[in-house]
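Letters A, B, ... are given to chains in the order of the sequence lines, protein chains preceding strands, and every chain is numbered from 1.
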Amino acid sequence: MEKPSNFTDDGRTGPEGPVRTLIRWWALGGGFVLCALAIMTVISVTLTATVGTQVPGDFEMTEIGVAVAVFMFLPYTQLTGANVTVDIFTARAGRRFSAIMVLASSAIALLFSILLIWRMSEGMLDLRSYNEVTGIIGFPIWTAFIPMLMSLVLLLVASLVTTGEAWHEFRESRT
Amino acid sequence: STSMAAEFNFKFHHLLGPKSPAHTKMIVPWTERVMKDSGGRIAIEVFPSMSLGGKPPQLVNQVNDGVVDFVWTVLGYTPGRFPRSEVFDLPFVHTNNPIATNMAMYDLLQNGMIAEDFKDVKVIALHVNAGQAIHTVDKPIHTVEDLKGLKLRIPTRTGGWIIEALGANPVAMPVPELPQALSKKVVDGAFIPWEIIPPLKIHELTKYQIEGENNTRFGTTTFMIAMNKDSYAKLPDDLKAVIDKNAGLDWWKEIGQIWTDSEKPGIKMAVDHGNEHIVIAGAELEKFRTALEPVVNRWVEEVTAKGIDGKALVAAAREAIAKHSKEGM
Amino acid sequence: MFIDFAIGLAGLAFLIALIALRIPIAYAMILVGLVGVPLLSGVDIVLSQLKDLAYSQFSIYDLSVVPMFVLMGNIATRAGLSRDLFTAANAWLGRFKGGVAMAAIAACAGFGSVCGSSLATASTMGQVAYPELRRLKYSPALATGTLAAGGTLGILIPPSVVLIIYAIIVEANIVTMFMAAFIPGILAMLLFMLTVTIFVTVKPSAAPKGRAVSSKELMEATVAILPVATVFAVVIGGIYLGFFNPTPAAAVGAVLVWVFGIVRKQLNWAGMKSALLETCQTTAMIFLILLGAELLKIFMSRGGVPIAAAEAIQGSGLSPMVILVLLLIALIFLGCLMDSLSMIILAIPFFWPVLEGLDYGMSIEDMKIWFGIIALVVVELGLITPPVGMNVFVIHSIAKDVPMSETFKGVLPFFASEIVRVSLLVAFPSIILFLPRLLGN
Ligand code: NA
Ligand code: NA
């Protein structure tokens with residue numbers, strides 16, 4: 001939050017245009033999940049206050065829903081460079097240096113997404129083999145890993161795009 | 001903390017804080033005993049408050065995978081994962097004696113009836129707390145009918161079924177939200193043991209503490225202390241023997257005593273505060289038993305569908321608990 | 001043991017270097033954790049934990065309140081509530097000399113009561129109030145300084161995302177923290193207004209005379225802030241009085257603001273889309289930092305760093321008050337470089353264990369509250385101090401004609417008033433503890 005939210009991906013074009021559109025809509029999808037959770041929560045507190053029941057499993061679905069939404073937000077955040085940095089020591093650094101640091105950051109994001117895809121796939125299989133479910137409505141937790149893994153694949157794609165851009169910038173800055 | 005001289009440095013990870021009775025009265029004394037019995041060749045460092053990462057439901061995976069060597073955790077944090085031992089959560093399986101119930105868990109682990117749940121770890125102990133009592137904000141409960149329509153917080157998965165079966169409305173919420181919910185009557189009460197009274201100041205938020213005669217409770221929560229299998233396997237035989245000796249029936253009984261004792265300050269605090277301690281007896285308590293039997297049947301049906309002989313488990317658990325309860329008299 | 005500790009310290013140095021080199025803070029923490037844990041305990045540990053660590057960190061119920069409040073604030077930003085607030089505050093305060101600047105501060109406080117972020121508050125109110133301040137010939141320093149400082153009210157007055165994160169880290173009650181923040185927040189608003197008064201008294205050329213307002217105008221403007229007042233009353237009032245827990249309250253708030261925006265025809269699909277995408281960026285950023293912090297925590301715990309650091313400081317022979325002041329100075333220093341949220345997530349896990357073991361003549365629960373609010377104020381100071389003053393940057397992006405050095409000059413009197421406030425809060429903990437005691441259980 002402590003970063004001005006003026007990062008947008010609008011106005012950029014190129015071969016990866018459809019990829020950007022997909023990632024933006026994926027993030028919006030996460031936003032819809034969040035809105036749906038908000039509405040469900042409002043219904044649930046209204047029911048609790050009036051008739052004394054609640055939407056079954058409301059709080060465990062909120063937990064899982066928020067986790068899914070956050071994963072869906074990751075690719076867009078990477079694509080738009082909205083992860084917070086400390087710029088003070090490098091404020092006077094040249095274009096070349098900046099390009100190298102963006103390249104390094106994108107590379108870390110790329111490795112991180114690959115690592116998480118690998119590990120969380122295994123985590124999903126574990127959860128499935130152990131039949132782990134949520135406490136109240138018995139929702140199988142491993143199924144929530146499917147949108148999470150899809151998000152990580154998009155994070156990988158987003159990191160490739162930002163890596164490519166940084167590489168391009170690095171090449172340009174040499175001349 | 002670990003010592004340089006030890007041959008084996010182990011990590012014990014759990015969810016509660018360093019001042020909690022589980023940490024100071026159960027876990028730390030046990031690790032000290034193991035270290036001493038090993039002649040200093042085993043060192044165990046205890047990490048409370050999830051300080052080695054993850055949330056409480058991850059403790060099971062952590063000990064399976066060897067992220068840590070020991071954990072203490074609640075089986076109900078990972079619903080579906082310990083389907084057989086869930087039998088001990090059911091109402092009127094455990095009734096009033098944690099020592100007897102722990103001994104029964106020991107029997108069922110030894111005879112293989114619940115062993116499949118724990119095939120991935122070396123079990124150091126399984127145990128229960130004293131069991132769920134009823135706490136209400138402003139309604140005294142003397143009969144099953146008194147509970148009708150009340151909003152009560154769910155203690156465990158099957159605890160929700162218990163509340164439904166009693167004609168009340170189950171409300172699920174995380175434990176830390178309970179005090180606020182009680183103080184504003186978002187819920188009318190909760191199913192929790194006495195031992196939770198002091199940390200959450202339940203006595204200030206409720207007027208009535210209700211249980212059955214002879215400390216009879218309505219379901220309980222099951223816990224385990226487990227060791228990673230490889231960490232155990234790599235020990236030489238004499239050190240394996242040290243672990244085995246400290247994972248025996250005596251230890252399970254001792255835990256039962258620790259948790260029985262942990263109840264007393266809680267109810268005393270409530271009574272001293274001016275709360276009424278209601279004890280339901282005789283025919284009225286029998287009505288609770290009758291009302292709650294469908295919960296047991298519901299559970300049997302559910303696990304039978306998974307290919308587990310629920311009926312036999314309930315029978316075996318009740319029988320073993322009855323047997324050990326008599327021994328203790 | 002010693003070698004583990006040394007590796008832990010080296011990891012921290014590496015982390016600082018990465019952050020200084022402009023690697024995103026979240027990825028810097030993730031990288032250090034991913035490299036550090038294998039160095040101490042082998043690679044299998046970290047590979048096993050990664051199977052569900054991210055899921056477990058993102059699915060914490062207490063954290064679900066964060067995206068809800070972020071969503072609420074972003075919708076409020078797009079729903080035109082800020083203009084109504086400023087118009088109303090201006091109707092009441094605009095008659096005084098320097099009154100429009102005071103109105104901007106009051107409006108910031110009002111917006112802060114529905115928005116959990118300081119930058120969003122500065123940005124929204126800046127866009128609304130800055131053109132008006134300039135039109136009325138307020139000095140550039142006063143105009144931009146007021147808005148940069150006023151924006152900090154966004155995290156001081158509940159809801160506050162930074163405060164939620166603090167509460168989760170030290171395991172304090174979020175509701176209690178929200179109660180505790182209220183009076184210090186109002187105090188900040190009043191001191192800021194007093195600062196404006198002193199500013200225009202010392203330097204009368206900085207602000208024009210006020211203008212009179214008809215009672216009809218006054219009435220209309222006041223009625224227009226009913227939506228914000230309603231949302232605040234329902235959400236924060238509901239939390240204070242115990243009708244809601246924080247997550248349901250935030251959900252209700254988000255839906256209410258959404259409905260107001262639609263009913264008042266100020267929130268179209270484009271606005272909603274922006275609100276959602278901004279929520280996406282902010283939320284992902286926060287959660288990714290929290291994941292990094294968890295990996296770092298695992299590394300540090302395994303290296304024994306937090307315990308050793310706490311023992312070293314506690315055993316240093318310094319008095320508890322001196323230690324507190326030193327830690328606060330460290331926070332101010334960090335705040336010069338880093339944004340407030342990263343700072344809380346990075347520093348509090350090290351600072352809290354130190355304080356927890358010291359005697360400040362109050363219970364641990366009271367200490368959590370007291371220190372949390374003071375830390376929040378100090379952290380929020382970092383938003384207006386050079387060289388990295390995020391609020392100043394935000395205002396600069398709106399007021400491009402004013403050099404940033406001018407804004408930092410304009411902020412200086414407000415900085416002074418904040419130092420006064422911190423001293424008051426340290427000396428009189430009851431300013432903080434009064435409301436939680438009154439409303440608490
Ligand atoms: Na706020
Ligand atoms: Na700063």
Side-chain angles (χ1 to χ4, degrees), chain A residues 1-8 24 27-28 30-32 34-35 37-42 44-45 49 59 62-67 69-74 76-77 80 82-91 93 98 101 104-105 108-109 112 115-116 119-120 122-123 126-127 144-145 148, chain C residues 19-27 30-31 34 47 50-52 54-55 58-61 63-64 67-68 70-71 116-120 123 161 244 247-248 251-252 254-255 273 276-289 337-342 383 387-388 390 393-394 397:
Chain A
M1 105 186 16
E2 305 302 353
K3 181 129 191 168
S5 30
N6 52 0
F7 301 89
T8 73
R24 189 168 56 237
L28 282 171
F32 297 150
L34 202 56
C35 291
L37 292 173
I39 292 168
M40 178 200 70
T41 306
V42 171
S44 194
V45 287
F59 90 84
T62 303
E63 287 180 344
I64 292 181
V66 165
V70 170
F71 271 94
M72 293 178 78
F73 293 160
L74 291 178
Y76 184 74
T77 307
T80 52
N83 278 310
V84 65
T85 55
V86 167
D87 299 338
I88 177 60
F89 300 106
T90 48
S98 301
M101 290 336 290
S105 308
I108 297 173
F112 176 67
L115 190 63
L116 271 194
R119 298 319 300 155
M120 285 184 64
E122 201 154 308
D126 275 8
L127 284 168
F145 274 52
M148 292 181 199
Chain C
I19 291 176
L21 287 172
R22 215 193 289 164
I23 300 295
I25 292 170
Y27 282 123
I30 288 171
L31 187 65
L34 288 182
L47 289 182
L50 280 180
K51 287 196 283 192
D52 55 7
Y55 164 73
F58 294 172
S59 63
I60 299 170
Y61 184 74
L63 273 178
S64 63
M68 295 288 178
V70 171
L71 180 66
S117 146
S118 188
L119 290 183
S123 156
V161 172
F244 302 122
T247 300
V252 168
V255 172
K273 208 166 92 172
L276 288 178
L277 288 176
E278 280 165 16
T279 304
C280 149
Q281 290 170 317
T282 305
T283 306
M285 187 207 92
I286 296 173
F287 278 67
L288 209 55
I289 294 178
L337 310 174
M338 218 181 248
D339 73 285
S340 47
L341 194 84
S342 313
L383 292 168
V388 180
M390 295 304 296
F393 294 175
V394 169
S397 72

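In terms of non-hydrogen atom pairs under 4.5 Å with chain C, the most contact-rich of A/Val45, A/Leu127, A/Leu34 is A/Leu34. For chain C, the option among A/Ala27, A/Ala144, A/Gly65, A/Ala109 with the highest count of heavy-atom pairs below 4.5 Å is A/Ala109. If you tally non-hydrogen atom pairs under 4.5 Å between each of C/Ile19, C/Leu63, C/Asp52 and chain A, the highest count goes to C/Ile19.
Under the 4.5 Å side-chain criterion, counting only non-hydrogen atoms from C-beta, A/Tyr76 is in contact with A/Arg24. Residues C/Val161 and C/Val70 have side chains in contact (heavy-atom distance under 4.5 Å, counting atoms from C-beta outward). C/Leu276 is listed as a side-chain neighbour of A/Phe32, based on a closest heavy-atom distance under 4.5 Å. Between A/Thr41 and C/Val255 there is no side-chain heavy-atom pair separated by less than 4.5 Å.
C/Ser340 OG to C/Met390 CE: the interatomic distance, rounded to the nearest 0.5 Å, is 9.0 Å. The CD1 atom of A/Ile108 sits 9.0 Å away from the CD1 atom of C/Ile30 when rounded to the nearest 0.5 Å.
Heavy-atom distances place both the backbone and the side chain of A/Phe59 under 4.5 Å from chain C. Residue C/Ile23 touches chain A through both its backbone and its side chain, counting heavy-atom pairs closer than 4.5 Å. Of the two parts of C/Leu34, only the side chain, counted from C-beta on, holds a non-hydrogen atom closer than 4.5 Å to a non-hydrogen atom of chain A. Only the side chain of A/Met148 comes within less than 4.5 Å of a heavy atom in chain C; its backbone stays farther off. Contact of C/Ser123 with chain A is not made at all, since no heavy-atom distance falls under 4.5 Å. For C/Ile25, the parts sitting under 4.5 Å from any heavy atom of chain A are the backbone and the side chain alike. The parts of A/Leu37 that come within reach of chain C are both its backbone and its side chain, each placing non-hydrogen atoms under 4.5 angstrom from that chain. Only the side chain of C/Leu288 comes within contact range of chain A, with heavy atoms under 4.5 Å apart. In this structure, the portions of A/Ser98 lying under 4.5 Å from any heavy atom of chain C include both its backbone and its side chain. Both the backbone and the side chain of C/Leu47 have a heavy atom closer than 4.5 Å to some heavy atom of chain A.
The aromatic rings of A/Phe145 and C/Tyr55 lie tilted to each other, with the angle between the two planes from 30° to 60°.
Taking all atoms of both residues into account, the shortest heavy-atom contact from C/Lys51 to A/Asp126 is NZ-OD2, 2.7 Å. Contact record, A/Met72 with A/Gly30: CE-N, 3.6 Å, taken as the closest heavy-atom pair.
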